[in-house]
Amino acid sequence: MEATPIISFKNVNKIYDNGTVGLKDINFDIPRGEFLVVVGLSGAGKSTLLRTINRMHEITSGEIRIENEPISQYKGRSLRLLRRKIGMIFQNFNLVKRSSVAKNVLAGRVSYYPTWKSILSLFSAADKQKAVQSLQRVSLAEKLYARADELSGGQQQRVAIARTLMQDPKIILADEPIASLDPLTTKTVMDILKRLNQEDGITVIVNLHSVALARAYADRIVGLRAGEVVYDEPIGQVTEADLNRVYQTV
Amino acid sequence: MTSQVPQRPWLQRWHVKPIGWTLLLVGLLIASSRMTGVDVGMFFSNLGQFTDLLVRMSRPAWDYLPVILQPLYETIQMAILGTTIGAAFAVPFAVLAASNLVHNRWLRGIIRLILDLVRTLPDLLLAAIFVAIFGIGSTAGVVTLAIFSFGMVSKLFYEVIETIDMGPLEALESVGANKLTIIWYAVLPQILNQFVSYFLYTLEINVRASTVLGYLGAGGIGVFLQRSLNQFNYSQTAVIILATLVVVMVIDGISNHLRRVLL
């Protein structure tokens, strides 16, 4: 039985207001539970592609379906509910640096509460426990009450992952999650993402510069160049020579 | 290797630009003092009267101090009340005026127009109006200070908001939070310490401003300042000024301490 893909792109185009082509005729499906790595040069459209999935960027034409639902009609509450099931990890971690780790992690849960409860930090005991568990999964439970800016870059990225786990996401989008990290913490962060993919069955889509990392972690690699998919192969069929094509400027 | 160092252009070599700007500014200064008829010479020739005043103020009448403690206390209360009310109203306006939070240019423009209008109204005019409405007393002073603080603080606040890191906002948006929650979780923690610092700065200004407002009958220490000046009782004036200085210094100390703690 062919399962329906969790995400599917159909003839997706994105043209910026100034006429620049962001994405050009994107067509591919992402099956549930896949660890997909998107590679390409800076400006190839990787970030744009990722952000169309949770509607942080709008597309110009075409259709994106998530769990077989077209997402372009979502507005207000339905859009927030869509975003709730899609976690996002950023290059710069995007933590509130002056807040505690606990508050940063619990912020991932706010979309499950009415506004007034979020504002008064009236989280249930179960969710506070869940915050501790999320931090345990990234091995940072002892930093619960530390301020976010006291942590190293790698630790901050792990807190960001814990925040995402609070959403109970079905999909995690990671936009260059390791671009500001050293090689050792890079491995820690990528290992955590891989584990969430394998243990929790979360579909993970990661943008990367590094071909070596892509080959080490991906189930499948998609290459973008100038907003177009120029490469799309399962990991078993990826060869170094093919991948180098993605990085050709011509 | 020396041959590879490029020649320094003569514009830079002779500092043409900084010297030119300085000359231009000095020229403008002289021209504007000519046109407005400011006589710098008079300042120096009449310096004697100024020192005479200082000498007469140099013997503060300390026995006057108990008399002014109550009005000074009232002045501080007026300043705190006025600043708090003004700042509380300033927060939502500052959020709506910040270009990185509100992308609707019309809404932002209208809010900023209101803020500009409020700042244009001189505080003395406001005091005169509110004394006419509420009668002589501290109510008029509090309302004046609240409006004055509102105008000033909201501008300072929205300029702070425009410098924040937008990353956490993006993260909260991706979590599925609504606007109000995003502001509460991602904006407020980033600006809180600067808000406190600007609040205390405004409080300090209001303590000084309320001494002037007393002239118009808006309550507080200003009433006594005016009385002592009218009676040429400069030793009393000196006590009032020194007491106000102490209050301002205390607020400044609290402000410095809080900024260190909150940073």
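Side chains included, hydrogens not; waters and symmetry mates left out as well; all remaining heavy atoms used. This is a predicted model, so every value here is computed, not measured. Convention: sequence-line order gives letters A, B, ...; per-chain numbering from 1.
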*Which answer fits A:N54, side chain, backbone, both or neither, if we ask what part of it has an atom under 4.5 Å from a heavy atom of chain B?*
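The side chain, not the backbone.
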*asked:* Taking side chain as everything from C-beta outward and backbone as N, CA, C, O, which of these in A:K85 sits under 4.5 Å from a heavy atom of chain B? Side chain, backbone, both or neither.
replied: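 Neither; nothing under 4.5 Å.
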_To the nearest 0.5 Å, what is the distance between CG on B:D165 and CG on A:N94?_
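Those atoms lie 6.5 Å apart.
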Mark yes or no for whether [X], through its side chain, and [Y], through its backbone, hold a donor-acceptor pair below 3.5 Å.
X      : Y      : value
B:Y185 : A:S118 : yes
A:R84  : B:G176 : no
B:T181 : A:T115 : no

*Could you list which of residues 151-175 of chain A have a heavy atom closer than 4.5 Å to any heavy atom of chain B, in residue-number order?*
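The residues closer than 4.5 Å to chain B, in numerical order, are A:R163, A:Q167.
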*Does atom CG of A:N18 have more than 12 heavy-atom neighbours from other groups under 6.0 Å away?*
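Yes.
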*Check the surroundings of atom CZ in B:F89: do more than 12 heavy atoms from other residues, nucleotides or ligands lie under 6.0 Å from it?*
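No - once you tally the heavy atoms of other residues, nucleotides and ligands closer than 6.0 Å, there are 12 at most.
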Give the minimum heavy-atom separation between [X] and [Y], together with the two atoms involved.
X      : Y      : answer
A:K103 : B:P189 : NZ-CG, 4.3 Å
B:P168 : A:L95  : CG-O, 3.4 Å
A:R98  : B:Q190 : CD-CA, 4.0 Å
B:V175 : A:S111 : O-OG, 3.3 Å
B:E170 : A:R51  : OE2-NH2, 2.7 Å

